[in-house]
Amino acid sequence: MFEALAVALGGALGSLGRWQLGVFFKQWIPGMPAGTFAANVVAGLIIGFVTGLDLASPLQPQVKLFLAVGLCGGLSTFSTFSNETFSFIQAGNWVGAGCNIAVNVVTCLLAVFVGLKLAAAVA
């Protein structure tokens, strides 16, 4: 039961963070999915860091569930990324769609890598 609560609390905090990033970036970069991008990159960095810490010294299962499954699961969003990319396609903006895909995938993979390296440096 404690594991489910850890996931639920992390998911709620992650979802609120994702929403807040969307609100923040919408006012600065309207018409671009910058909030989704930022949320996915931050989640990638966090999950890489958590994974790196867990590899160095196993974390408590509840902590790992809270951070990796809950927080990162709520913060990151493949469905919103997909919907925003599809909106580019529907508007006939294939370049925007392709850029959104490439920038998100490459940057998020890089964020996971950086998170792993940061964890290795502090562990």
Side-chain angles (χ1 to χ4, degrees):
M1 183 59 141
F2 189 68
E3 289 85 2
L5 290 174
V7 171
L9 180 58
L13 292 174
S15 295
L16 287 170
R18 176 168 44 106
W19 170 71
Q20 194 61 50
L21 283 168
V23 168
F24 175 78
F25 280 103
K26 186 172 269 189
Q27 68 183 353
W28 295 103
I29 312 170
M32 295 299 294
T36 302
F37 172 73
N40 287 338
V41 171
V42 170
L45 184 64
I46 293 169
I47 203 163
F49 189 77
V50 169
T51 301
L53 290 179
D54 190 53
L55 289 171
S57 177
L59 298 172
Q60 292 285 345
Q62 297 86 354
V63 171
K64 190 173 175 183
L65 287 170
F66 171 79
L67 294 170
V69 177
L71 183 68
C72 290
L75 183 58
S76 64
T77 172
F78 191 77
S79 58
T80 301
F81 157 75
S82 299
N83 190 51
E84 290 167 346
T85 302
F86 193 73
S87 292
F88 281 124
I89 293 168
Q90 284 183 311
N93 187 351
W94 289 90
V95 171
C99 287
N100 194 45
I101 293 166
V103 168
N104 269 277
V105 171
V106 170
T107 306
C108 289
L109 287 171
L110 183 61
V112 172
F113 175 76
V114 169
L116 285 165
K117 293 299 182 186
L118 286 172
V122 300

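From a predicted model like this one, the values you see are computed outputs, not experimental measurements. Numbering starts at 1 and runs along the sequence shown.
Counting side-chain heavy-atom gaps under 4.5 Å among Ile, Leu, Val, Met, Phe, Trp and Tyr, L16 is found in no cluster with other residues.
No path of Ile, Leu, Val, Met, Phe, Trp and Tyr side chains, each step under 4.5 Å between heavy atoms, connects V112 with V42, placing them in separate hydrophobic clusters. Linking ILVMFWY residues whenever their side-chain heavy atoms come closer than 4.5 Å, directly or via other members, places I46 and L21 in the same cluster. In the hydrophobic clustering of ILVMFWY residues, with side-chain heavy atoms under 4.5 Å counting as a link, V122 and L45 come out together. No path of Ile, Leu, Val, Met, Phe, Trp and Tyr side chains, each step under 4.5 Å between heavy atoms, connects L13 with V41, placing them in separate hydrophobic clusters.
Put simply, the side chain of L5 does not reach to within 4.5 Å of the side chain of F66, judged on heavy atoms. Counting only heavy atoms from C-beta outward, the side chains of I47 and L71 never approach each other to under 4.5 Å. Side chains of I89 and W94 form a contact here, defined as non-hydrogen atoms less than 4.5 Å apart. At least one side-chain heavy atom of P33 sits less than 4.5 Å from a side-chain heavy atom of N100. Side-chain contact between F49 and L67 is absent, with no heavy atoms from C-beta onward closer than 4.5 Å.
Remark: side-chain polar atoms of R18 are paired, donor with acceptor, to backbone N or O of G74 under 3.5 angstrom.
Remark: T80 pairs with T77 by the side-chain hydrogen bond (donor to acceptor under 3.5 Å, both in side chains) rule, at least two apart or across chains.
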